[in-house]
Amino acid sequence: MSKLIYVLNGPNLNLLGKRQPEIYGSETLADVAAKMQVKADKLGIQLEFFQSNHEGALVDKIHEARENAAGIIINPAAYSHTSVAILDALNTFENPVVEVHISNIHKREAFRHHSYVSSRAEGVIAGLGTLGYVLALDYFAN
Ligand code: DHK
């Protein structure tokens, strides 16, 4: 059976493509999902996509991932910088986690420089635009 990877996106990423395109680019989240799916098909990986603007909904999805996912690719968005709840949920997940940020959070405001999730993630990809999500799939293929 092929590996199942959960791709989780946090608040405001439903507006990708419309929201501050000078920072986050012009692709929509559906475009990102489509290009990840093309890559995942080549790698024999199955994907489950989920986006929510709600912290608890993301926690619930991480709990679901505990039951069946071989890994998680997560862009927690603003919750990266605030959410102990998402960190705690990821700490209950036993398989690898890759954190993705579209922008380089270290080049931006100081409050974005710290991510709670980074202390749990096997790796962090930041600043490579939406390519970061596709590169995270390569990690899981290896
Ligand atoms: C997305 C967000 O929505 C911000 O809150 C983060 C992240 C950065 C990104 O670059 O993908 O600070």
Side-chain angles (χ1 to χ4, degrees), residues 2-43 45-142:
S2 62
K3 266 188 197 169
L4 173 62
I5 304 295
Y6 273 39
V7 182
L8 308 182
N9 281 286
N12 301 303
L13 289 168
N14 54 310
L15 294 181
L16 202 63
K18 296 182 190 142
R19 166 201 189 205
Q20 295 179 281
E22 68 288 1
I23 296 176
Y24 299 107
S26 55
E27 280 170 293
T28 65
L29 199 55
D31 294 335
V32 176
K35 82 179 174 183
M36 287 185 83
Q37 194 60 64
V38 169
K39 176 80 175 195
D41 288 347
K42 284 186 192 142
L43 297 173
I45 289 174
Q46 248 183 290
L47 299 177
E48 163 85 11
F49 294 100
F50 181 75
Q51 186 276 332
S52 180
N53 296 323
H54 304 279
E55 189 175 25
L58 291 160
V59 168
D60 287 344
K61 199 68 182 177
I62 293 165
H63 292 176
E64 182 188 298
R66 277 167 52 78
E67 307 300 322
N68 53 12
I72 293 177
I73 297 170
I74 184 166
N75 183 347
Y79 288 140
S80 315
H81 319 301
T82 63
S83 182
V84 176
I86 289 176
L87 170 63
D88 284 352
L90 288 170
N91 277 329
T92 75
F93 180 73
E94 289 175 358
N95 290 324
V97 173
V98 176
E99 179 182 0
V100 172
H101 299 283
I102 296 166
S103 65
N104 182 351
I105 54 174
H106 302 288
K107 274 175 83 175
R108 299 183 61 194
E109 303 97 317
F111 67 83
R112 294 184 202 273
H113 296 178
H114 175 260
S115 165
Y116 285 98
V117 170
S118 300
S119 66
R120 164 62 185 90
E122 269 59 36
V124 181
I125 303 172
L128 301 184
T130 60
L131 177 64
Y133 291 93
V134 178
L135 295 176
L137 287 174
D138 276 322
Y139 168 75
F140 284 107
N142 282 301

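Note that the numbering runs from 1 along the sequence shown for the chain.
- Looking at V124 and H101, their side chains come closer than 4.5 Å, going by heavy atoms from C-beta outward.
- Taking the side chain as every heavy atom from C-beta outward, L8 and Q51 never approach each other to under 4.5 Å.
- Heavy-atom contacts from other residues, nucleotides or ligands closer than 6.0 Å to NE2 of H54 number 12 or fewer.
- Y116 pairs by the ring pair (Phe, Tyr, Trp, His ring centres under 6.0 Å) definition with H114, not counting sequence neighbours.
- Without hydrogens or angle criteria, N91 side chain to D88 main chain gives no donor-acceptor distance under 3.5 Å.
- Residues meeting the ring pair (Phe, Tyr, Trp, His ring centres under 6.0 Å) test with H81, sequence neighbours left out: none.
- Two residues are said to be in side-chain contact when any heavy atoms from C-beta on lie closer than 4.5 Å; I86 and I74 meet this criterion.
- The salt bridge (Lys or Arg N to Asp or Glu O under 4.0 Å) pairs that include a residue from residues 112-121 are E109-R112, R120-E122, where partners are two or more places apart or lie in different chains.
- Heavy atoms only, all atoms of each residue included: A89 and I62 are closest at O-CG2, 3.5 Å.
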List, one per line, each side-chain donor-acceptor pair under 3.5 Å for residues 66-73, sequence neighbours excluded.
{"residue": "R66", "atom": "NH1", "partner": "T92", "partner atom": "O", "Å": "2.4"}
{"residue": "N68", "atom": "OD1", "partner": "Y6", "partner atom": "OH", "Å": "3.2"}
{"residue": "N68", "atom": "ND2", "partner": "Y6", "partner atom": "OH", "Å": "3.4"}

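- Here the closest heavy-atom approach between residue Y79 and residue P11 is recorded as CD1-CD, 3.4 Å.
- With rounding to the nearest 0.5 angstrom, the OG atom of S80 is 11.0 Å from the CG atom of L87.
- Side-chain contact check for L16 versus I102: some heavy-atom pair is nearer than 4.5 Å.
- The shortest non-hydrogen separation linking A136 to I125 is N-CD1, 3.8 Å.
- In this structure, L47 and Q37 have side chains that are in contact, with non-hydrogen atoms separated by less than 4.5 Å.
- Listed by first then second residue, pairs satisfying side-chain hydrogen bond (donor to acceptor under 3.5 Å, both in side chains) with a partner in residues 126-142 read N9-Y133, E27-T130, K35-T130, K39-D138, N75-Y133, not counting sequence neighbours.
- Taking each heavy atom of S103 and R108 in turn, the nearest pair found is OG-NH1, 2.9 Å.
- Note that NZ of K18 and CG of N12 are 12.5 Å apart. Values are rounded to the nearest 0.5 Å.
- The heavy-atom pair separating G10 from N53 by the smallest distance is O-OD1, 4.3 Å.
- The salt bridge (Lys or Arg N to Asp or Glu O under 4.0 Å) contacts involving residues 45-58 comprise E48-K61, where partners must be two or more places apart or lie in separate chains.
- Looking at P76 and L58, their side chains never come closer than 4.5 Å, going by heavy atoms from C-beta outward.
- Put simply, the side chain of K3 gets close to the backbone of F140: a donor and an acceptor are under 3.5 Å apart.
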